[in-house]
Amino acid sequence: MGSRSPRYRSRSAGQPELGWNRASFDSRPNGAGVSCSWWMEELEMASDNLERVRHSLGHVMAEAVLSLFPEAKFGIGPDIDTGFYYDFDLPRALTPEDLAEVEKRMRAILKEGRRFQRSEIPRDDALRQFADQPYKLELIHDLPEDEAISTYAQGRFVDLCRGPHVESTKEIDARAFKLLSIAGAYWRGDEKRPMLQRIYGTAWETKDELDAYLKRLEEIERRDHRRLGRELDIFSVDPDIGAGLILWHPNGATIRQEIERFWVDEHRKRGYQLVYTPHIASERIYEISGHLETYADGMYAPMDIDGQPYRAKPMNCPGHVRIFQSHTRSYRDLPIRLAELGTVYRYERSGTLHGMLRVRGFTQDDSHIFCRPDQLVAEVNGVLDLTFFMMDTFGYTYKAYLATRPEKYIGTDEQWEFATEALRQVLEDRGMEYEVDEGGGVFYAPKIDIKLYDAVGRDWQGPTCQVDLNEPERFDITYAGDDGQEHRVIMVHRTVLGSMERFIGGLIEHYAGAFPVWLAPTQVAVIPIADRHVEYAKTVADGLLQASLRVRMDDSGDRMNAKIRKAQLERIPYMLVVGDREAEAGAVAVRLRSGEDLGAMPVAEFEEMALKAVREKAQV
RNA sequence: GCCACCCUAGCUCAAUGGCAGAGCAGACGCUUCGUAAGCGCCAGGUUAUCGGUUCAAGUCCGAUGGGUGGCUCCA
């Protein structure tokens with residue numbers, strides 16, 4: 001693909017973008033019983049009133065902080081999806097104890113039943129009134145000359161603010177908010193400017209809603225892929241290997257191999273050709289591609305090979321382009337779809353690294369489709385077919401966005417028009433609901449982005465499909481048309497999973513560690529009740545192993561109950577308990593990780609059932 | 001990278017500046033058990049690393065590495 005990767009909105013960044021969810025959560029580790037997302041609706045229903053409550057609480061918090069720190073300087077304090085925050089410049093760092101004290105003072109203020117009073121004041125008065133508040137002064141200076149400047153007063157405390165607010169603090173349920181965390185935040189998001197201290201709070205209409213939200217945060221913590229990754233022995237990160245570099249343990253490697261196998265099969269079926277490209281390349285290729293110009297910050301320093309600078313590969317596209325260009329291509333050859341599970345290395349600032357979700361080396365499921373203009377619509381359609389098929393398989397729901405030309409862009413208006421319309425046509429023809437993300441494209445490409453919603457209703461940046469307007473020019477990629485002339489190739493970049501690291505990290509949370517049978521590192525645990533059953537258990541396990549099931553037989557000295565508990569904690573889909581009765585009958589007693597007891601059945605019957613679940617990639 | 005905080009056994013956590021401990025996991029022994037933890041015993045540590053203050057540092061100070069929550073940025 002081109003010089004910039006698709007925009008990703010990290011769900012791990014910022015306060016979790018979560019709404020309140022009615023679904024009750026099962027605290028057991030298999031995560032059974034978590035139902036899907038009402039939360040989006042809940043968010044949309046979040047009334048104007050709730051926004052006013054949240055914003056008003058921001059002011060109340062500001063007053064509480066001021067009473068604690070008379071020298072406090074104020075930044076901004078808006079309401080957000082789940083509450084509010086306010087940025088302060090304070091003489092010292094805040095501690096968790098301060099948070100408790102601020103919260104206490106807020107409750108006292110709420111109790112007083114303050115009225116919020118709006119005033120519109122002349123600019124000069126505003127400048128005078130906030131003379132000792134440099135950040136507020138800056139905000140005032142940036143307001144248009146003709147715009148009225150308004151302030152809100154709640155008793156003695158006055159803040160520059162557009163509003164609106166509740167009438168009185170009596171409208172706020174003092175039990176329905178909570179201060180959550182302290183974080184650094186640059187003034188106006190600019191890292192060259194001072195770093196302020198931000199206090200995040202969450203606020204709801206009622207205490208029940210607050211409790212539901214806090215419970216939801218706990219559920220999300222239980223699903224955290226870093227925690228489950230360690231507990232389920234899926235991956236680790238070792239400081240001596242390096243931050244942001246993932247070690248895939250056998251369990252993680254099994255999951256990854258199954259997904260990669262699935263991915264390879266589906267791509268072959270759909271006419272993709274698989275390729276491999278090297279992990280390092282001469283700098284020359286990145287001069288041609290333009291990455292050295294536009295992506296240098298994301299690339300590692302050059303290494304010297306025989307006096308020539310080489311770089312770790314940050315993108316797969318140049319290699320794919322060169323494979324395409326290794327022959328002259330005729331219009332009859334197109335489309336050519338090159339795909340690679342291509343490992344790339346990109347510099348990420350240390351503070352942004354996060355488990356498997358944000359790393360410095362990762363494997364993209366990358367593909368570049370080289371086609372003629374008249375093939376573009378069909379190709380994009382094919383990409384979406386594949387995309388939705390795979391996302392359905394993993395049980396994600398999704399929403400499509402058409403991202404159009406941004407302010408800064410390269411290429412001609414005609415190119416943008418052509419490419420954007422092709423994408424739009426595909427979405428229209430499919431009768432899909434989609435939103436237009438005006439100006440949300442990358443500088444070299446319009447694109448279709450798919451946002452995924454997981455089992456607890458969180459959104460993730462998912463598949464993306466871009467019509468690259470940069471590299472065909474830079475590399476001068478052409479084919480011979482039926483007129484014997486050279487024509488410019490259309491190049492589609494697309495990824496379905498994104499990267500194996502991020503996708504599987506997300507899957508861990510989506511499934512809460514309880515992978516469907518086809519992905520489960522161990523699919524079957526055979527549990528002999530007493531030592532005399534071990535021999536029979538071995539026979540059963542061997543048989544299933546020969547049938548290509550991933551089986552483990554537990555011949556430890558533990559009691560059956562303990563063996564079951566261990567298997568449960570590992571989220572093993574099937575537990576086969578074998579005792580005298582089963583050995584006698586050539587049967588196994590099947591327990592599912594949901595706790596359901598299917599009773600005894602012949603081994604052959606179980607084998608068939610399990611293989612069917614694998615084959616169908618059943619969501620159990 | 002920046003701000004704040006954190007780093008004690010594989011994991012989760014104790015220990016006023018004064019003898020480094022527990023539970024789980026692990027090894028071993030006993031128990032042979034019918035759907036989520038049987039009992040006992042043993043082992044496990046240069047308290048992330050390096051340096052400093054102190055009679056004495058897990059504890060106080062500094063640096064480095066790593067992590068957490070954010071900011072910024074992204075697959």
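Labels below follow one simple rule: chain letters A, B, ... track the order of the sequence lines, proteins then strands, and each chain is numbered from 1. Values below: all heavy atoms of this structure, side chains included; hydrogens, waters and symmetry mates excluded. Quick caveat: nothing in here was measured; it's all calculated off a predicted structure.
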Which one is paired to [N], where only Watson-Crick or G-U wobble pairs with both distances under 3.5 angstrom count?
| N | result |
| --- | --- |
| B:rU35 | none |
| B:rG21 | B:rC13 |
| B:rG1 | B:rC71 |
| B:rA56 | none |
| B:rG51 | B:rC61 |
| B:rA27 | none |
| B:rU8 | none |

Determine the Euclidean distance between corresponding [atom1] atoms of [M] and [N]; express it in Å to zero decimal places.
| N | M | atom1 | value |
| --- | --- | --- | --- |
| B:rU12 | B:rC7 | P | 12 Å |
| B:rU53 | B:rG65 | P | 24 Å |
| B:rG10 | B:rG38 | C1' | 24 Å |
| B:rC24 | B:rG44 | C1' | 14 Å |
| B:rG45 | B:rU68 | C1' | 24 Å |
| B:rC42 | B:rG23 | P | 12 Å |
| B:rU16 | B:rU31 | P | 43 Å |
| B:rG58 | B:rG17 | C1' | 10 Å |

Under 4.0 Å: is that the gap between some side-chain N or O of [X] and OP1 or OP2 of [N]?
| X | N | answer |
| --- | --- | --- |
| A:Arg532 | B:rU32 | no |
| A:Arg226 | B:rU68 | yes |
| A:His354 | B:rG69 | yes |
| A:Lys192 | B:rG1 | no |
| A:Arg230 | B:rU12 | yes |
| A:Tyr200 | B:rC71 | yes |
| A:Ser350 | B:rG1 | yes |
| A:Arg188 | B:rU72 | no |

With nearest nucleotide decided by heavy atoms, which residue, A:Ala530 or A:Ala589, maps closer to the 5′ end of RNA chain B?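 Its nucleotide being nearer the 5' end, the pick is A:Ala530.
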With nearest nucleotide decided by heavy atoms, which residue, A:Asp597 or A:Asp190, maps closer to the 5′ end of RNA chain B?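 Closest to the 5' end, via its nearest nucleotide, is A:Asp597.
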Base, sugar-phosphate, or nothing for [X], non-hydrogen atoms under 4.0 angstrom?
| X | result |
| --- | --- |
| A:Gly184 | base |
| A:Val359 | base |
| A:Glu191 | sugar-phosphate |
| A:Gly298 | nothing |
| A:Gly189 | sugar-phosphate |

For the pair made of [atom1] in [X] and [atom2] in [N], what is the distance, rounded to whole Å?
| X | N | atom1 | atom2 | answer |
| --- | --- | --- | --- | --- |
| A:Ile527 | B:rC33 | CD1 | C1' | 13 Å |
| A:Arg360 | B:rC73 | CZ | P | 18 Å |
| A:Ile572 | B:rU35 | CD1 | P | 19 Å |
| A:Met195 | B:rC5 | CE | C1' | 14 Å |
| A:Leu180 | B:rG70 | CG | P | 10 Å |
| A:Asp233 | B:rC11 | CG | P | 12 Å |
| A:Asp224 | B:rG69 | CG | P | 7 Å |
| A:Glu570 | B:rA36 | CD | P | 16 Å |

For atom CD of A:Glu221, is the number of surrounding heavy atoms from other residues, nucleotides or ligands below 6.0 Å larger than 12?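 Not more than 12 within 6.0 Å, no.
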Mark yes when over 12 heavy atoms from residues, nucleotides or ligands other than A:Tyr276 sit less than 6.0 Å from its OH; otherwise mark no.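 Atom OH in A:Tyr276 is not packed in, count stays at 12 or less.
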In terms of side-chain heavy atoms of [X], which of [options] is nearest?
| X | options | answer |
| --- | --- | --- |
| A:Pro239 | B:rC33, B:rG66, B:rG70 | B:rG66 |
| A:Lys566 | B:rC33, B:rA36, B:rG26 | B:rG26 |
| A:Glu348 | B:rC73, B:rC71, B:rC33 | B:rC73 |
| A:Ala93 | B:rA4, B:rG69, B:rG34 | B:rA4 |

Below 3.5 Å, does any donor atom in the side chain of [X] face an acceptor in the base of [N], or the other way round?
| X | N | value |
| --- | --- | --- |
| A:Arg92 | B:rA4 | no |
| A:Arg349 | B:rU72 | yes |
| A:Glu582 | B:rG34 | yes |
| A:Asp531 | B:rU32 | yes |
| A:Tyr186 | B:rG70 | no |
| A:Arg358 | B:rC73 | yes |

Hey, what's the ring geometry for A:Phe177 with A:Phe84, parallel, tilted or perpendicular (30° and 60° as the breaks)?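 The arrangement is tilted - the two ring planes meet at 30° to 60°.
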In terms of ring plane angle, is the pair A:Tyr345 and A:His279 parallel, tilted or perpendicular, where the classes change at 30° and 60°?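 Answer is tilted, since the angle falls between 30° and 60°.
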Taking the six-membered ring for Trp and the single ring otherwise, decide whether the centroids of [X] and [Y] are under 6.0 Å apart.
| X | Y | answer |
| --- | --- | --- |
| A:Tyr135 | A:Phe74 | no |
| A:Phe88 | A:Tyr86 | yes |
| A:Phe606 | A:Tyr574 | yes |

Check the side chains of A:Asp366 and A:Thr495 for a donor-acceptor pair under 3.5 angstrom, ignoring hydrogens and angles.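 Side-chain D/A pair, A:Thr495 to A:Asp366: absent.
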Could you verify whether a donor N or O on one side chain and an acceptor N or O on the other, from A:Thr277 and A:His320, lie under 3.5 Å apart?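 No donor-acceptor contact under 3.5 Å links the two side chains.
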Test side chain to side chain donor-acceptor pair (under 3.5 Å) applied to A:Glu509 and A:Arg223, A:Arg222, A:Arg458, A:Arg227, the passing residue: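 The passing option is A:Arg458.
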